[in-house]
Amino acid sequence: MVAWFLMAIAGLWMADGVALLVAPLWVVERMRHVVLTSTAMSTWSGVTLVAGLILIFASPELDYQALWVIMGVAMVAKGGLLLLASDDTCQAVLRWWMSREAVDYRFAGLVLCGLSLLLLHALGGFGSR
């Protein structure tokens, strides 16, 4: 069951990464619109927090254990910040993130695609073991 959650995380990372590589400014503009008009931000922050916890607790059984612990802690920290911080703080962080250059988003996309492939490899895909 945990493997399915980890594959879902890898799939989300890959989808986000490819979207940021292909059309970074379009994706960020859509995200800006969603963040400004929707109250679903807390839901996604909670999903990020739970996914980070799953990654942390599943990491002992995976290759690259330290990487998954670090990523899980980062996800929990990000989800917790966006869930527990004041609206002003959340808006400031989101404004900062959404004011980057396109190359920054493409770099983030490459990182997400790489993490996705490493997680799939750790789960037994791509010729491992």
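Hydrogens, waters and symmetry mates are skipped; everything else that's a heavy atom, side chains included, is used.
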Check whether [X] reaches the backbone of [Y] with its side chain - one donor and one acceptor, N or O, closer than 3.5 Å.
{"X": "Thr48", "Y": "Gly79", "value": "no"}
{"X": "Ser99", "Y": "Arg95", "value": "yes"}
{"X": "Arg32", "Y": "Met98", "value": "yes"}
{"X": "Trp68", "Y": "Ala122", "value": "no"}

Does [X] belong to the same Ile/Leu/Val/Met/Phe/Trp/Tyr cluster as [Y], with side-chain heavy atoms less than 4.5 Å apart forming each link?
{"X": "Leu118", "Y": "Ile54", "answer": "yes"}
{"X": "Leu119", "Y": "Phe5", "answer": "yes"}
{"X": "Leu12", "Y": "Met7", "answer": "no"}
{"X": "Val50", "Y": "Met71", "answer": "yes"}
{"X": "Trp96", "Y": "Met31", "answer": "yes"}

Hey, are the side chains of [X] and [Y] touching, using non-hydrogen atoms and a 4.5 Å cut-off?
{"X": "Ser116", "Y": "Leu120", "result": "yes"}
{"X": "Leu49", "Y": "Met75", "result": "no"}
{"X": "Val27", "Y": "Val22", "result": "no"}

Looking at [atom1] of [X] and [atom2] of [Y], how far apart are the two atoms once the value is rounded to the nearest 0.5 Å?
{"X": "Arg106", "Y": "Leu20", "atom1": "CZ", "atom2": "CG", "answer": "9.5 Å"}
{"X": "Leu112", "Y": "Leu21", "atom1": "CG", "atom2": "CG", "answer": "9.0 Å"}
{"X": "Glu101", "Y": "Leu25", "atom1": "CD", "atom2": "CG", "answer": "8.5 Å"}

Subject >> Heavy atoms from other residues, nucleotides or ligands near OH of Tyr64 exceed 12 (cutoff 6.0 Å) >> reply: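 Counting other residues, nucleotides and ligands, OH of Tyr64 exceeds 12 neighbours.
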
Atom of [X], atom of [Y] and distance for their closest heavy-atom approach:
{"X": "Gly52", "Y": "Val76", "answer": "C-CG2, 3.8 Å"}
{"X": "Cys90", "Y": "Leu81", "answer": "SG-O, 4.1 Å"}
{"X": "Leu83", "Y": "Ser45", "answer": "CG-CB, 3.8 Å"}
{"X": "Ile56", "Y": "Val73", "answer": "CD1-N, 3.7 Å"}
{"X": "Tyr105", "Y": "Arg100", "answer": "OH-N, 3.2 Å"}

Checklist line | Partner residues of Ser86 under the side chain to side chain donor-acceptor pair (under 3.5 Å) criterion, sequence neighbours left out | finding: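 Partners of Ser86 under the side chain to side chain donor-acceptor pair (under 3.5 Å) test: Thr89.
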
